[in-house]
Amino acid sequence: MLTRAGYAPTLVTGDGLLGYDKNAEYDRLIATCSVRSIPFLWMWQVRDGGTITAPLSGWMGGAAFAHLTLGADGTASGRFLRDDISFMTARPHGPPPMPSAYLVTGDARESRVDPGVLDDPAGLFAAQLAAPSAVRLGGGAEVVLWDVATGSLAATGLDPRGGWTVRQRGPLRLWDAVEHAVLTWQAAGSPHQSAYGLTVTEERQYVWLGDPDGPNWDLPA
């Protein structure tokens, strides 16, 4: 939905990722579909000082509700809201077909985090930031992450001696990246997604924890 002073709100249907340039620039753009990153066409259709509000979701299923303000320099930045709202993902931003179950072989080691933390929406969001092109299978102690871009895999399980193990193979060490993001989130007190913010520029889109100079992760823009 697009709004502009002096005009009735405009509800756009169809390919909303293209925005709607008629009557632009708008005061507010409110997306009623979830996206993996902010389409840059939206940025061109909102005035300086205007806002973009959109659910952000990823292929693991993590979600947060972004509220950005457009700057005069052509960038946008803002925090995620307390509201846990999501919508159906825009079709081009949706995940690929889920793979069949894999018997994962590879390098094994002890996991530094409980894989069950990904069952927490905020923990899942933190993990997803570290592996944005991965999909997630399973839950609890038994999680499989499959990276669509490289075929990399990580699988966790209970260690009979206590704790958890992880096996990884492929060019990306998915669980290493997920561990680092989850441990960073836990060190900050395991906050809700509203502790994060998002900055959008022509060069990159990145989510930051705490403030824009804090730990940050690039979105697949």
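Both backbone and side-chain heavy atoms feed into the values below; hydrogens, waters and symmetry mates do not.
At a threshold of 4.5 Å between side-chain heavy atoms, the hydrophobic network of Ile, Leu, Val, Met, Phe, Trp and Tyr places Leu183 and Trp164 in two separate groups. Both Leu17 and Leu68 are members of a single hydrophobic cluster when ILVMFWY side chains are connected at heavy-atom separations under 4.5 Å. The hydrophobic cluster containing Leu137 also contains Trp146, counting ILVMFWY residues as joined when their side-chain heavy atoms lie under 4.5 angstrom apart, directly or transitively. When hydrophobic clusters are built by joining Ile, Leu, Val, Met, Phe, Trp and Tyr residues whose side-chain heavy atoms come closer than 4.5 Å, directly or via intermediates, Phe40 is grouped together with Leu198.
Of the possible donor and acceptor atoms, none in the side chain of Arg36 sits under 3.5 Å from a partner among the backbone N and O of Ser57. Using a distance-only test at 3.5 Å, with no hydrogens or angles considered, a donor-acceptor pair links the side chain of Gln45 to the main chain of Leu18. Checked by atom type and distance alone, the side chain of Gln193 never pairs as donor or acceptor with a backbone atom of Leu81 at under 3.5 Å. A side-chain donor-acceptor contact under 3.5 Å links Asp119 to the backbone of Gly140.
What you find for Ala31 and Pro55 is that their closest heavy atoms are O-CD, 3.5 Å. In this structure, Gly61 and Leu124 approach most closely via the heavy-atom pair C-CD2, 3.7 Å. Taking all atoms of both residues into account, the shortest heavy-atom contact from Val46 to Glu25 is C-CB, 4.1 Å. For the pair Thr150 and Pro171, the tightest heavy-atom approach, listed with the atom from each and the gap, is CB-CG, 3.7 Å. Here the shortest heavy-atom pairing between Gln168 and Leu174 reads OE1-N, 3.2 Å. Of all non-hydrogen atoms in Val113 and Glu179, the two that sit nearest each other are CG2-CG, 3.9 Å.
Expressed to the nearest 0.5 Å, how far CG of Leu41 lies from OH of Tyr20 amounts to 15.0 Å. Taken to the nearest 0.5 Å, the CG atom of Asp73 stands 3.5 Å off from the OG1 atom of Thr75. In this structure, CG on Leu158 lies 8.5 Å from CG on Asp114, to the nearest 0.5 angstrom. Here the straight-line distance linking atom CG of Leu70 with atom CZ of Arg47 works out to 9.0 Å at 0.5 Å rounding. Put simply, CG on Leu172 and OG on Ser152 are 4.0 Å apart, with the number rounded to the nearest 0.5 Å. Remark: Thr53 OG1 to Asp83 CG distance equals 10.0 Å, nearest 0.5 Å.
At least one side-chain heavy atom of Leu219 sits less than 4.5 Å from a side-chain heavy atom of Leu56. Residues Arg112 and Val182 are not in side-chain contact: their nearest non-hydrogen atoms beyond the backbone lie 4.5 Å or more apart.
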Practice item. Take Asp159 and Thr165 through the test side chain to side chain donor-acceptor pair (under 3.5 Å) and record every step on the way to the result. Key: CA-CA 6 Å; Asp159 188 330; Thr165 59; 5.7 Å; no
Check your understanding: For Trp42 and Val200, what are the C-alpha separation, side-chain angles and deciding distance, and is it a side-chain contact (heavy atoms from CB on, under 4.5 Å)?
Key -> CA-CA 11 Å; Trp42 292 1; Val200 179; over 6 Å; no
**Study point:** Asp176 and Arg109: CA distance, side-chain angles, deciding distance, salt bridge (Lys or Arg N to Asp or Glu O under 4.0 Å) verdict
**Key:** CA-CA 11 Å; Asp176 292 3; Arg109 65 168 176 82; 2.5 Å; yes
**Study point:** Stepwise side-chain contact (heavy atoms from CB on, under 4.5 Å) test for Asn216 and Val207
**Key:** CA-CA 5 Å; Asn216 62 83; Val207 173; over 6 Å; no
Check your understanding: Do Leu29 and Thr51 pass the side-chain contact (heavy atoms from CB on, under 4.5 Å) test, and can you show the C-alpha distance, the side-chain angles, and the key distance before you say yes or no?
Key -> CA-CA 6 Å; Leu29 185 154; Thr51 60; over 6 Å; no
Exercise for review: Take Leu145 and Met60 through the side-chain contact (heavy atoms from CB on, under 4.5 Å) test and state the conclusion after the steps.
Suggested key: CA-CA 9 Å; Leu145 301 181; Met60 285 194 202; 4.0 Å; yes
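The closest side-chain donor-acceptor pair between Trp175 and Thr156, if any, does not fall under 3.5 angstrom. Side chain to side chain, Gln205 and Asp218 fail the donor-acceptor criterion of an N or O pair below 3.5 Å.
Within the structure, side-chain hydrogen bond (donor to acceptor under 3.5 Å, both in side chains) contacts touching residues 182-192 (residues at least two apart or in different chains) are Asp84-His192, His192-Ser194.
Only one option out of Phe125, Phe80, Trp208, Phe65 pairs with Tyr196 in a ring pair (Phe, Tyr, Trp, His ring centres under 6.0 Å); it is Phe125. Screening Arg167, Arg173, Arg169 for a salt bridge (charged side-chain N to carboxylate O under 4.0 Å, His left out) with Asp107, the sole residue that qualifies is Arg173.
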